[in-house]
Amino acid sequence: MSRLQAVLARDRVLPLFTPEELPAARRRLTTLQEAGIEAVELTARVPDAAARFGMLRREFPDLLLGAGTILDAETARTFLEQGADFVVGPCLVPGVASACREAGVPYLPGAATVREVVEAQAAGAAVVKVFPGDVLGTAFVRALRGPLPGARLLVTGGVAPTPASVRDWLEAGALAVGLGSSLFGLPDDEWPGCLNSVLTLTRGDAS
Ligand SMILES: O=C(O)C(=O)C[C@H](O)[C@H](O)COP(=O)(O)O
């Protein structure tokens, strides 16, 4: 089991954001580390995303930092060179899967159908991102677990950062949930409290 998988199995949440402004990104990463978070996804949705990623990578050497929104092999290689510990994308891209396999780095591609989950697993994804989570719903995750009981699923997209919402996803069978804009769209004096109340639930549940 990779360190990422172990961390997801313990915390059951993966915080993710786009590092639009470096000082704010640093503050967020520091607060996340103080909460005991070990893995964070930074989405590549800004100009200079890879250079920013490399800078934050060097400043936070103890965090597992993943590159998100990776849609082609060349971009994947650029982020891997910058020290990405894992790579995430909204859907499976075979060239990205190969680049991650060569680098020995986990790849978590998005999937929105049973077939896409199976194809992602066949491409080597130990954890598959179910995306967009809020569109697919908990019933989709529950239904997937029938034919694919061993699937490790990271539900991402529109997941509300509350204990009740996260509990619903975990009870449906998700390994973990990604918390993005719903968490980091909250004011800076609110999101850490929300995250901590979710972690109180998930760490209490993790066994
Ligand atoms: O692009 C990727 O690789 C990602 O993992 C990001 C997610 O797909 C969502 O965009 C996050 O959605 P919110 O939690 O609703 O903000």
Side-chain angles (χ1 to χ4, degrees), residues 4-5 7-8 11-20 24-25 28-29 32 37 39-47 49-50 52-53 56 63-80 82 84-97 99-100 105-113 116-117 119-120 123 125-138 140-141 152-166 168-170 172 174-187 190-192 194-195 198-199 202:
L4 175 67
Q5 236 174 281
V7 166
L8 292 179
D11 284 347
R12 323 288 301 267
V13 299
L14 177 66
L16 66 107
F17 63 90
T18 305
E20 276 158 20
R28 282 179 181 171
L29 291 176
L32 288 167
I37 289 290
V40 181
E41 176 192 333
L42 300 175
T43 53
R45 300 188 195 178
V46 273
R52 279 163 199 243
F53 186 94
L56 294 168
L63 278 176
L64 285 176
L65 280 187
T69 322
I70 302 302
L71 287 161
D72 65 86
E74 194 187 327
T75 306
R77 288 204 182 86
T78 305
F79 277 85
L80 290 165
Q82 293 293 342
D85 293 301
F86 59 98
V87 171
V88 185
C91 64
L92 173 68
V93 178
V96 176
C100 291
V105 160
Y107 175 40
L108 295 80
T113 64
E116 288 176 8
V117 174
E119 286 175 347
V127 179
V128 178
K129 182 172 100 168
V130 169
F131 177 78
D134 56 346
V135 175
L136 296 164
T138 52
F140 176 71
V141 171
R152 286 180 286 264
L153 305 171
L154 170 73
V155 176
T156 305
V159 175
T162 64
S165 147
V166 174
D168 283 350
W169 287 111
L170 301 185
L175 168 69
V177 296
L179 294 178
S181 49
S182 61
L183 181 65
F184 294 105
L186 295 171
E190 276 181 35
W191 71 258
C194 276
L195 177 64
V198 169
L199 288 172
T202 57

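First listed ligand is number 1; within each ligand, the first listed atom is number 1. Keep in mind that this is a model prediction, so the values were computed, not measured.
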* Asked: Shortest non-hydrogen contact from P109 to L92?
  -> CB-CA, 3.6 Å
* Asked: Can a donor-acceptor pair be found between the side chains of T18 and R45 at a distance below 3.5 Å?
  -> no
Less than 3.5 Å apart, N/O on ligand 1 and N/O on the protein: could you list those pairs with the distances?
unit_1: ligand 1; atom_1: 1 (O); unit_2: R45; atom_2: NH2; d: 2.9
unit_1: ligand 1; atom_1: 1 (O); unit_2: T69; atom_2: N; d: 3.4
unit_1: ligand 1; atom_1: 1 (O); unit_2: T69; atom_2: OG1; d: 2.7
unit_1: ligand 1; atom_1: 3 (O); unit_2: T69; atom_2: N; d: 2.7
unit_1: ligand 1; atom_1: 3 (O); unit_2: K129; atom_2: NZ; d: 3.1
unit_1: ligand 1; atom_1: 5 (O); unit_2: E41; atom_2: OE1; d: 3.4
unit_1: ligand 1; atom_1: 5 (O); unit_2: E41; atom_2: OE2; d: 2.7
unit_1: ligand 1; atom_1: 5 (O); unit_2: K129; atom_2: NZ; d: 2.6
unit_1: ligand 1; atom_1: 8 (O); unit_2: K129; atom_2: NZ; d: 2.9
unit_1: ligand 1; atom_1: 10 (O); unit_2: R45; atom_2: NH2; d: 2.9
unit_1: ligand 1; atom_1: 14 (O); unit_2: G180; atom_2: N; d: 3.1
unit_1: ligand 1; atom_1: 15 (O); unit_2: G158; atom_2: N; d: 2.7
unit_1: ligand 1; atom_1: 15 (O); unit_2: S181; atom_2: OG; d: 3.4
unit_1: ligand 1; atom_1: 16 (O); unit_2: S181; atom_2: N; d: 2.8
unit_1: ligand 1; atom_1: 16 (O); unit_2: S181; atom_2: OG; d: 2.7

* Shortest non-hydrogen contact between D85 and P106, atoms and distance -> O-CD, 3.3 Å
* So, do V87 and F79 sit near enough that their side-chain heavy atoms are less than 4.5 Å apart? -> no
* Asked: By side-chain contact (heavy atoms from CB on, under 4.5 Å), which residues pair with D72, not counting sequence neighbours?
  -> E74, T75
* **Test item: V141 and L136 side chains (from C-beta on) under 4.5 Å apart, heavy atoms** => no
